[in-house]
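What follows is a single structure, written as structure tokens, with notes after it.
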Amino acid sequence: MAMTEAREKQRSVAIIGAGMSGICTAIKLKEAGITDFTIYEKASEIGGTWRENTYPGCSCDVPLHMYQFSFDMRPDWERKFVFSADIKAYLESVVDKYGLRNHIRFNSEIESCRFDERSGRWHIGCADGSAHEADVVAAGTGQLHRPRWPGIKGEESFEGAHWHSAEWNHEYDLKGKRVAVIGNGASAIQFVPEVAKEAGEVTIFQRSASWVLPRPQREFYGWERALYKTFPWLINVQRWKIYWFGELLFRAFHTSGDKIKDMAIEEMELYVSDPEKKAKLTPDYEPGCKRVLFANDWWPAMGKDHLHVITEGIEEICPTGVKTKDGTLHEVDAIIYGTGFDTTNFLGPMDVTGLAGRELKKEWKDGAEAHYGMTVTGFPNFFLLYGPNTNLGHNSIIFMIECQANYIRQCVEKLRDDDLLYMDVKPEAQARWNEKVQSDNANSVFASGCTSWYKTDAGKVTNNWANYTFKYWWWTRRPDFADFTLRGRPGKEEGGREPAGRTVAAQ
């Protein structure tokens, strides 16, 4: 191919977010010789979820062998389950190893993406007022980085210290303080035991209990790390053992979860003796309807006398504490909100405008959906990572992200090699996929009655993948371009390009 033609066929890619998804996608593009890409990161550092969450005890509940890129397994980890700072350090080293640092534009929060059908390009607007263009957009904005505040009456009236777990106040001295914790999901499971070590009194205001299982944490021996370093293939053996265990765990979300219940209750009874507290801490829903949590210090903390659990609903926040619906005012010095993230509003406040002025927010007014969780009809050359219905309750999201990055890389290659203006997933393909996804979810524990961040207020499960991950890999290993409308570029006097607006047959 002549140099000028190669240059003409290059496709520029805008990657939104320098977290796991964005970094993985950039590496896969670079491996394919696609180097015209920019990663737009809203913050001044990389890391996504693992940059935002710095609360005490913040760690990953997926074994590290499955929580690193399969193409960059490291032998020098010290423990089986690692802390947020460890993961961020790993990502920093990956960015440097693959030469991505110069591709990242920091402090660049994307506010809008608008597609121009004539040029086949996306016009991108940043919060700092700058404007950019790209042929392809890959949005790796994630689901767990926009703090969700509960909107309780009087929140701003509280006169003491208050913060969200994802915006931790490291300057506040907890020693001897009366601390209220609102929420007891995945973040609270990790930070409450740490807070309880310092605070004089901790009161958890709980909407519903969580199924919490022991986490088999352990330090790696020196000889293990040496063995992994000498024989790297052994790391992959361990990775696949953990992977298939996760796939077996998936079965519990479609069959009886009695074994999970028994394990959780047995662990609770080792440390919690108060019958009333045990009753409050026992969930009334099936394991998996909400996220099953793993921790070793949660139940010991729950057994402490200075830790209280309140299940009466909150009426309002007052200047001196939290007032519950039974009229009791619980006076506290600080309030920590462990109320999770805005998960069902994918892409957050970003405005995305596709063909004929179509607005993605309006398309998703009844709940987000996307073909394979990656493409939405009417929004050509726009790809999502960790998008609708690709979150997991049983395995590692890194596996799903790698599947998506490989899929997107092949689509960008198709645009480049066939010199296409754009590719747009067909509505019937998206509808067919979403029907299957929602059918799987309807038969899973995710749709079984509890309130969770997996679904919208109306009950549509928009976040979770209710099937085996190896099936997702199989279906996404190669794009089926028959699922797309492929639009050729405007014709030229030379070169034999397709005439403007012509639809090219999928190959």
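On a predicted model such as this, the values are computed, not experimentally measured, just so you know. Counting begins at 1 with the first residue of the sequence.
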Can you confirm if the aromatic rings of [Y] and [X] lie within a centre distance of less than 6.0 Å?
{"X": "Y228", "Y": "W77", "result": "no"}
{"X": "F205", "Y": "H330", "result": "yes"}
{"X": "Y337", "Y": "W149", "result": "yes"}
{"X": "W475", "Y": "Y372", "result": "no"}
{"X": "W473", "Y": "F470", "result": "no"}
{"X": "Y90", "Y": "W50", "result": "no"}

Any carboxylate oxygen within less than 4.0 angstrom of a Lys/Arg side-chain nitrogen, looking at [X] and [Y]?
{"X": "E45", "Y": "K88", "result": "yes"}
{"X": "D274", "Y": "K278", "result": "no"}
{"X": "E276", "Y": "K280", "result": "yes"}
{"X": "E286", "Y": "K261", "result": "yes"}
{"X": "D333", "Y": "R178", "result": "yes"}
{"X": "K197", "Y": "E194", "result": "yes"}

Query raised in the report: Do we see a donor-acceptor contact under 3.5 Å between the side chains of E369 and N434?
Result: yes
Requested in this report: Identify whether NZ of Lys or CZ of Arg in R215 sits under 6.0 Å from the centre of the six-membered ring of F81 and within 45° of that ring's axis.
Outcome: yes
Report summary line: Exactly one of W168, F158, F191 clears ring-ring contact (aromatic ring centres under 6.0 Å, His included) with W163, and that residue is W168
Requested in this report: Indicate yes or no for a side-chain donor-acceptor contact from E359 to the backbone of K361 under 3.5 Å, with no hydrogens or angles considered.
Outcome: no
